[in-house]
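All residue numbers refer to positions in the sequence shown, counting from 1.
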Amino acid sequence: MKTKLILSLLFGLCALFCYSQNSITQSGCLHVENTEDSVWLTRYENDILALEKQDKQVQEFTCDALFLGSSSFRMWRKMAEDFAPLHVVNRGYGGASIRDLLYNYTRIVGKYQPRNIVFYSENDIIGYKTDIGIGESFDLHRLFFEKLLHDYPQARLYILSVKPSGSRKALMPRHKMLNALFEEYAAKTRRVAYLDVATPLLDGQGEIRPELYLDDNLHLNDEGYRIWTNIIKPRLSPPAGYVYKDTFIRGGGPYQLFTRIYLPKGEGPFPVVITRTPYTFNETRGDNIKQGQEYVRRGLGYIQQYCRGKGGSEGVYQPNVYEREDGRALVNWVAAQPWCRSIGLFGVSYTALTGWIVADSLPDKVKGIYLHHYGIDRHLSAYKDGLFRHDILTGWAIDNASEVSHKPSHDPEEPYYDESRFRPHKEMDVKRLGVELPWYRDWISHPDYSDPYWETGVWGQLRGIPSKIKVPMTIVAGLFDHHLEGTLKGYELLSPETKKNSRLILGGWDHFYQYHPDVSPQPHAKDVDVFADQLDWLHKVVAQGVVPEGNVQVYFIGADCWKTYASWPIRRDKDVVYSLSNRKDAGNHHAYQLLKDRINTPHTGSRQLASSSLKFVYNPLRPVMSVGGETLFNSSARRGSKPQPEIGYRDDVLFFLSPPLEEPLTIAGPVRATIYMSSDCDDTCLTYKISEVMPDGRAYNIRTGITTLAYRNNTYGQAQAYTPNEVVELNIETLPVTWQVKPGSRLRVDITSSDFPQYSIHSNYAGLWSEQVRTRKAHQTIYMDEEHNSRISIPVIEWED
């Protein structure tokens, strides 16, 4: 009776857990038969008692790895020898199934404090009458895994695939299904990795290799366990066992570049990962790179080089200019070393640039590239329709320019805002910093996408690289990272052959992996730990020689779930359209109505046209400040999705509200606005922001879109003239977003003419913005009627919960 009660509790808990974990493929709630006989729960009681007796004799409970599972571990008689010098504890017993592992959890896990946990079990689906289904087995395993992760928050969990065997050959299709669920779970759960220990036990035709098994055709012999050791051991974290050295390696020019090298002990050859950086946040001498220590302890050499003129490297630092020649020199040098077996490249932000810029010209030893948060099109990260992104590029230039010896005060509330406002901006460097920055002056002097500046030199090279890459990649992007647009373009431009083995991970974070918004708990936002994933992926590709499968993993804000797709962009199912109107919202007299699938009353002449419009005055000396934004960087308090000001907080902003939504609205892609406007100036700016207003009144920005009259409907072209007071159609597209607006929420659209410091402040004069000194007010008119249907078009996908 007691056993049945425990079973009921186990299955009830697992069913509840299954319901709550919507980021993993669901197998349904549990339905278990054959539970009358509870012998299988207690049949290995003597084995459990023996393990408890061993525990009483243990003096040190910390270990490098705790092995939990069934007889495939119990019969691994040379485990301690195979994993030396690691300290491993073997807690495999009998024919353990996931049900008795859960039942005996506190007795078998004990007091051990492992750095790693290795798990193996296959005895719930072995063809007996007490078997449970694939879905039930996976649900119970997941419950067991989640308890381990909760109880051991510092440990990594390695799930071994169910192995093939001659005695259970007929069950291989079932094993394959369970392994697929294990692999998906590991891919979407932080601190968990799936290790394929089954495929190496098969020959080239997919047949079981009998020479790797004992006479029972079920358990492995020493040769079989040797194969498992070679897969598992490199992944575990020993307390020591590596060699570190500082050295200088010649770059692409005459300069010696300071390089830090971590290698496993021994002669090699070893798999190696490489990154290059201009950043010297910490001491650049000595064995103190934590990431390098973690990699080398898992059998991967780790090499970090400082860019020319940085961190002790010779030469003068000029951002971006020498990274191709210096990077190629380093990769080729490493490939030529006798201790190098294979190579992976990785990097984040600028260090990802150093990976992108050499990715089309690599020695054969390079097997994979893992890059976060950097776009392959510099113009896209610098400008939007002629408006410069100050908060990232002006701030970055000041912080990283070697030429600037006395940097201005970095006010955390308004970082470098005075420098960003300075006119004429082309003189800011000399007047505010005391030195000329030629490379920064280049950035601010070429607003046209088609300008030869962006098509030559390093930026021209960068644009052409993705289509030439031949090795698998993982590309990481953030919905609120300023490099989002160019990062996605890098993935999109990969060749079809390379995409087959490459991944895109798009998370709900900003450049610093902070999650947005903080409107409500979103526990599954962290299900994909990109730094753990990076180590796992590089280890598989570079160390194990695995050819990875390509896919696209996308996080949906609001729905709090990850979805996997075969490609990017996501194909939308429909567009939901809201039209602007000049009708007052019934609940807020400062707002106007957004009309779904409707437009305003038709007009018959200019008089009617005038009544179907709204006006505001834009003063560049009084810009609307960014409150939330997808391309902000230095302004950390404004970055990402933030609570929005009250409707009506400024008289130079037009506010529009939709009715409450009756069903979820799942946005997947760029939001598009078609807005008809006129201005009394020969050039000006127009921006809009779409937000979700929660039922309790809180509003959070989803996306912003911006353009100028000079670059209207011509993002990738040259500036064009505008005749004051002419009514023109503006088509404005935001960066893509994946966000589910909940039923009961309303959509809010704000329209104005500035978004500072996310974008430069428009002077309301035509011409090159960085040379302008004067500003003037602009009188803006937004039109909304049958002929001028100003509207917002939202790309929507539909899925079943």
I'd like to know if the side chain of [X] reaches the main chain of [Y], judged simply by a donor and an acceptor atom lying under 3.5 Å from each other, with no hydrogens or angles considered.
| X | Y | result |
| --- | --- | --- |
| Asn179 | Val162 | yes |
| Tyr213 | Ile208 | no |
| Ser502 | Thr498 | yes |
| Asn217 | Ser167 | no |
| Ser121 | Ala96 | yes |
| Trp739 | Gly558 | no |
| Thr738 | Tyr555 | yes |
| Asn104 | Asp100 | yes |
| Arg503 | Pro472 | no |
| Ser137 | Asp124 | no |

How many angstroms lie between atom [atom1] of [X] and atom [atom2] of [Y], to the nearest 0.5 angstrom?
| X | Y | atom1 | atom2 | result |
| --- | --- | --- | --- | --- |
| Ile108 | Leu51 | CD1 | CG | 8.0 Å |
| Asp222 | Thr229 | CG | OG1 | 9.5 Å |
| Leu66 | Gln113 | CG | CD | 10.0 Å |
| Ile98 | Asp139 | CD1 | CG | 11.0 Å |
| Gln304 | Tyr262 | CD | OH | 8.5 Å |
| Leu101 | Leu140 | CG | CG | 10.5 Å |

Results of side chain to side chain contact (heavy atoms under 4.5 Å, CB included) for [X] - residues two or more places apart only:
| X | value |
| --- | --- |
| Val192 | Leu149, Leu157, Ile159, Tyr185, Ala186, Thr189 |
| Lys147 | Tyr105, Asp151 |
| Lys742 | Glu692, Gln740, Ser745 |
| Pro264 | Phe270, Val296 |

Does the side chain of [X] reach to within under 4.5 Å of the side chain of [Y], using non-hydrogen atoms?
| X | Y | result |
| --- | --- | --- |
| Ile227 | Asn230 | no |
| Ile475 | Leu494 | yes |
| Ile232 | Leu160 | yes |
| His539 | Arg235 | yes |
| Ile797 | Phe556 | yes |
| Leu201 | Arg209 | no |
| Val471 | Lys367 | no |
| His175 | Ile125 | yes |

Non-hydrogen atoms of [X] and [Y] that approach each other most closely:
| X | Y | value |
| --- | --- | --- |
| Asp560 | Ala525 | OD1-N, 3.3 Å |
| Trp228 | Val197 | NE1-O, 3.0 Å |
| Leu484 | Ala477 | CD1-CB, 3.9 Å |
| Arg190 | Asp529 | CB-CB, 3.4 Å |
| Gly95 | Tyr44 | N-CZ, 3.0 Å |
| Ser161 | Tyr194 | CB-OH, 3.1 Å |

Using 30° and 60° as the class limits, which term best fits the ring planes of Phe182 and Phe138: parallel, tilted or perpendicular?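 Taking Phe138 first and then Phe182, their aromatic rings sit tilted (interplane angle of 30° to 60°).
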
Angle between ring planes, Phe480 versus His516, binned at 30° and 60°: parallel, tilted or perpendicular? tilted

Against Tyr225, only a single residue in Trp76, Tyr120, Phe83, Phe67 fulfils ring-ring contact (aromatic ring centres under 6.0 Å, His included); can you say which?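 Single ring-ring contact (aromatic ring centres under 6.0 Å, His included) partner of Tyr225 among Trp76, Tyr120, Phe83, Phe67: Trp76.
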
Under the criterion side-chain contact (heavy atoms from CB on, under 4.5 Å), I'd like the reasoning laid out for Thr474 against Gln534: C-alpha separation, chi angles, the key distance, then a yes or no. CA-CA 8 Å; Thr474 291; Gln534 174 181 290; over 6 Å; no

Identify whether the distance between the nearest side-chain nitrogen and carboxylate oxygen of Lys290 and Glu294 falls below 4.0 Å.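 Glu294 and Lys290: not salt-bridged.
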
Looking at Glu45 and Arg107, is any side-chain nitrogen of the basic one under 4.0 Å from a carboxylate oxygen of the acidic one?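 So Arg107 pairs with Glu45 through a salt bridge.
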
Can you see whether [X] engages [Y] through a side-chain donor-acceptor pair at a distance of less than 3.5 angstrom?
| X | Y | value |
| --- | --- | --- |
| Asp510 | Tyr515 | no |
| Asp533 | Tyr370 | yes |
| His87 | Asp64 | no |

Suppose we screen for side chain to side chain donor-acceptor pair (under 3.5 Å). Which residues come up paired with [X], at least two apart in sequence or across chains?
| X | result |
| --- | --- |
| Lys526 | none |
| His219 | Ser71, Asp216 |
| Gln205 | none |
| Arg191 | none |

May I have the step-by-step check of ring-ring contact (aromatic ring centres under 6.0 Å, His included) for Tyr302 and Phe346, ending in yes or no? CA-CA 10 Å; Tyr302 180 98; Phe346 76 93; 5.8 Å; yes

Residues that [X] engages under salt bridge (charged side-chain N to carboxylate O under 4.0 Å, His left out), provided they are two or more places apart:
| X | result |
| --- | --- |
| Glu122 | Lys163, Arg168 |
| Lys176 | none |
| Arg74 | none |
| Glu549 | none |

Check whether more than 12 heavy atoms from other residues, nucleotides or ligands sit under 6.0 Å from atom CE of Met75, and answer yes or no.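 Yes, the 6.0 Å shell around CE holds more than 12 heavy atoms from other groups.
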
Before we go on, tell me: are the rings of Phe145 and Phe119 under 6.0 Å apart, centre to centre? yes

